[in-house]
Amino acid sequence: MALSRLSAPDWAGLSAEVLEHVAAYLDVRSLGALMRVCQRFNQLRWQRVDIRHLSPGMLADKSFLYILQRRKPKALLAQGLLGCPKSALPLERMQQIAESRYLKELCLEAAYIGDKGVLPLQSLLPYLRRLNLRHNKLTDSAVAFLAQNLGNATALVDLNLSANKIGNTGAKAMALALSATTSLQVLNLEQNDIGAAAGDAIGQGLAQNLSVRVLKLTDNRICNLGIAGVARGLAVNTSVERLDLDRNVIADDGVISLADAIRNNPNSALTTLDLTLNRCTSIGASALCTALEGSRLSLLRLSMNLDVLSQETGLGGYLACTAALSELYLNHVGLSSNALSLFSQGLSSNKSLRRLDLSHNELDASAGPLLGVMMAANEGLEWLNLAFNRLGDDGISGLAVGVANNAGLEHLVISDNGAVSNGVGRLAQALASNRQLKVLDLSGNALDDGSALHVGRSLADNNTLEQLFFRNMGLTGPQMHSLVKGLGSSRCSLKLLNLSGNTLGVVGASSVGQLLEQTHVLQQLDLSGNSLADDGTAMLAKALTINTCVTHLRLCNNSIGAEGAGALGRLVNHNTGLKILDLGTNGLGDDGIRMFCEHAGSVAGLQTLILSHNGIHEAGGDALAIMLRTSSSLQQLGLEANPLHAAGVLALARALQINRSLRQLNIKHIRESHEPVDDLRAAIQALTVSNATVDILRAKGDVSDGC
């Protein structure tokens with residue numbers, strides 16, 4: 001039962017402790033609704049107040065003060081509109097927040113408080129445990145001010161200063177202040193402008209600090225010289241467990257500096273190192289792998305360091321001897337089958353690895369048997385991603401041997417590998433022996449009729465697979481019929497089926513309809529881009545009136561017309577289990593929307609309806625408005641890229657004055673080039689003020705954006 005539908009007697013027997021626990025999981029809208037039902041909520045502290053869903057200005061000053069002064073939350077989570085400085089939190093509110101000494105967690109993401117907005121926080125820092133100031137246009141002076149007061153922040157464990165305008169001066173001040181704090185555990189300086197000059201200061205801070213466990217320096221300008229300074233601190237640091245250095249400009253010399261620090265620090269706590277998107281080659285990788293032997297590192301990312309594994313790097317020796325590494329990401333590293341052979345023995349010997357990402361490389365058919373041997377030997381491997389290689393049928397056939405003999409693999413991605421038929425069929429046969437696999441992605445390969453039959457038979461014997469992705473595989477209606485024989489088995493445990501981007505047509509829709517009538521475990525179904533048209537859509541809708549387990553249905557880009565829309569409307573009216581329906585890019589037009597709304601009634605159970613790119617004008621807007629007036633469940637409505645015109649928007653505005661369930665309305669890009677700007681601007685303004693609980697999504701630059 002929805003919380004907002006409970007009456008006062010329903011809450012009467014609950015203790016204050018239970019009520020406070022319930023309140024901790026509600027946003028401010030729900031809290032306000034419960035206040036009106038149960039006055040006891042007006043007498044309790046609200047431990048956590050989440051107003052991130054409210055657009056700027058939607059919460060009145062009086063309400064804001066009431067929350068801070070009367071309900072005294074321990075956590076306040078607020079968020080402005082990203083990319084819109086006009087959504088800045090006023091300085092007066094920052095001062096009010098600073099007076100709330102009971103706050104333990106403060107999130108002001110994209111609030112654009114600027115340097116002046118930081119100043120009032122001085123009095124609050126001693127009480128905070130978590131402070132998030134991401135996207136606030138803070139400069140070096142604001143960070144220097146925070147650093148100056150960091151010694152007084154004796155409870156602060158998590159400080160997020162990412163995505164600001166912090167340069168070397170601010171980074172130096174914050175790094176040197178680390179020596180004065182004994183509580184800070186997470187410091188996030190991602191997406192700033194920190195360069196080489198701050199490296200020595202960061203190193204000095206790490207050398208003297210014993211509390212920081214996570215340091216995030218992603219997406220800055222740190223080069224070899226800067227990382228050498230950081231490495232000097234790591235050489236003696238005993239607390240840092242995770243170091244994110246991805247998307248910087250670190251080359252081999254910088255990686256060698258890190259390797260030396262790791263090798264020379266037997267007491268290092270480092271378990272996670274991310275060097276994605278830097279400039280390391282096999283030289284730096286070799287030094288790193290040698291240094292890592294015997295270390296505690298459990299996660300290593302070298303992704304997008306092109307040509308990093310073009311020759312022997314010592315990775316095989318490291319993999320063979322380490323008992324700590326559990327995750328290895330080597331996607332986008334130019335890995336060839338020859339290079340894989342250099343460390344495949346290490347992969348086979350390794351017993352600790354759980355996740356391995358080798359996607360977006362140059363692995364060809366000869367890599368299949370190597371990977372198959374590795375999988376058969378390493379039963380601890382749970383997650384393997386080989387997407388976007390060139391394994392082909394022969395490579396996937398070799399891999400299938402490992403799948404059949406691996407008792408631990410749960411997640412396998414082999415999408416876009418150029419398989420045509422036999423490889424997928426062999427893999428399907430292996431599935432009959434595998435009793436652990438839960439997720440299989442074969443998208444972007446191809447199936448012939450024989451392989452489709454093999455897959456169907458194998459799935460009939462498999463009772464562990466929960467998610468199956470067959471996107472863009474050229475599946476036809478007859479092939480879908482072969483697959484359904486397995487998917488409809490009483491043993492089948494499939495919960496998610498993605499068949500988007502195929503050519504199922506009406507024949508395939510009939511087969512999917514049979515599947516829906518047979519299975520009662522499937523929850524998510526994606527048939528986007530399958531040319532279902534009205535007849536295929538009607539078949540699906542009829543089957544879904546019997547199957548009430550499917551909660552997510554996506555039918556984008558299927559050329560559905562008015563008759564198909566009417567069938568879906570009847571489905572929504574009958575099946576209250578369906579929660580999400582995506583009908584984007586179908587060209588429904590006003591006639592299709594009218595048919596859908598006439599038959600959908602009050603959409604009793606539907607929570608999300610996506611109708612973007614459907615050519616809906618003012619007549620369709622009127623039909624949707626009538627539906628909204630009676631709907632009590634719909635929370636999200638997507639109308640992006642529909643030329644509603646001013647009249648259609650005004651109809652929605654009038655409906656929202658009555659509707660109390662909708663929480664989000666997407667009207668991005670609804671203006672046609674010839675439409676008068678002033679009329680639409682006035683209509684959108686009326687829509688914005690019609691219901692203060694609805695978040696109106698608009699694209700930056702739209703007529704009423706104002707940013």
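In what follows, every heavy atom counts, from backbone to side chain, and hydrogens, waters and symmetry copies are set aside.
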TODO: List in chain and number order the residues that pass side chain to side chain contact (heavy atoms under 4.5 Å, CB included) with R660, two or more places apart in sequence or in another chain; answer none if no residue qualifies.
DONE: N691
- [ ] Ignoring hydrogens and angles, tell me if any N or O in the side chain of S415 forms a donor-acceptor pair with the backbone of L442 under 3.5 Å.
- [x] no
TODO: Please list, chain by chain and in numerical order, all residues satisfying side-chain hydrogen bond (donor to acceptor under 3.5 Å, both in side chains) with D416, sequence neighbours excluded.
DONE: none
- [ ] Enter the distance from R681:CZ to Q685:CD here, rounded to the nearest 0.5 Å.
- [x] 10.0 Å
Open item on the list: Looking at L571, is its backbone amide N or carbonyl O close enough to the side chain of N573 to form a donor-acceptor pair, meaning the two atoms are under 3.5 Å apart?
Closed with: no
TODO: Give every residue pair that meets the salt bridge (charged side-chain N to carboxylate O under 4.0 Å, His left out) criterion with at least one member in residues 584-602, sequence neighbours excluded.
DONE: D591-R594
- [ ] Answer yes or no: are there more than 12 heavy-atom neighbours, outside H135 itself, under 6.0 Å from its atom NE2?
- [x] yes
Task: Any side-chain heavy-atom pair of L544 and L525 under 4.5 Å - done: no
TODO: Could you tell me which non-hydrogen atom of L532 sits nearest to which non-hydrogen atom of V506, and how far apart they are?
DONE: O-CG2, 4.0 Å
- [ ] Could I get the full list of side chain to side chain contact (heavy atoms under 4.5 Å, CB included) partners for A111, not counting sequence neighbours?
- [x] L89, L108, I113, N136
Task: Ionic contact status for R134 with E109, cut-off 4.0 Å - done: yes
Open item on the list: Tell me which pairs pass side-chain hydrogen bond (donor to acceptor under 3.5 Å, both in side chains) where either residue lies in residues 545-564, with sequence neighbours left out.
Closed with: R554-D582
- [ ] Given side-chain contact (heavy atoms from CB on, under 4.5 Å), test I560 with F596 step by step and report yes or no.
- [x] CA-CA 11 Å; I560 301 173; F596 177 86; over 6 Å; no
Open item on the list: For H481, I'd like to know if atom NE2 has over 12 heavy atoms of other residues, nucleotides or ligands within 6.0 Å.
Closed with: no
Task: Residue list, side chain to side chain contact (heavy atoms under 4.5 Å, CB included) with Q607, at least two apart or on another chain - done: K579, Q635
TODO: Starting at NZ of K165, measure out to OG1 of T139 and round the result to the nearest 0.5 Å.
DONE: 8.5 Å
Open item on the list: Using the side chain to side chain contact (heavy atoms under 4.5 Å, CB included) definition, which of the options L494, L497, L496 pairs with Q524?
Closed with: L496
Task: Sole candidate of I97, L77, N132, L133 that passes side chain to side chain contact (heavy atoms under 4.5 Å, CB included) when paired with L106 - done: I97
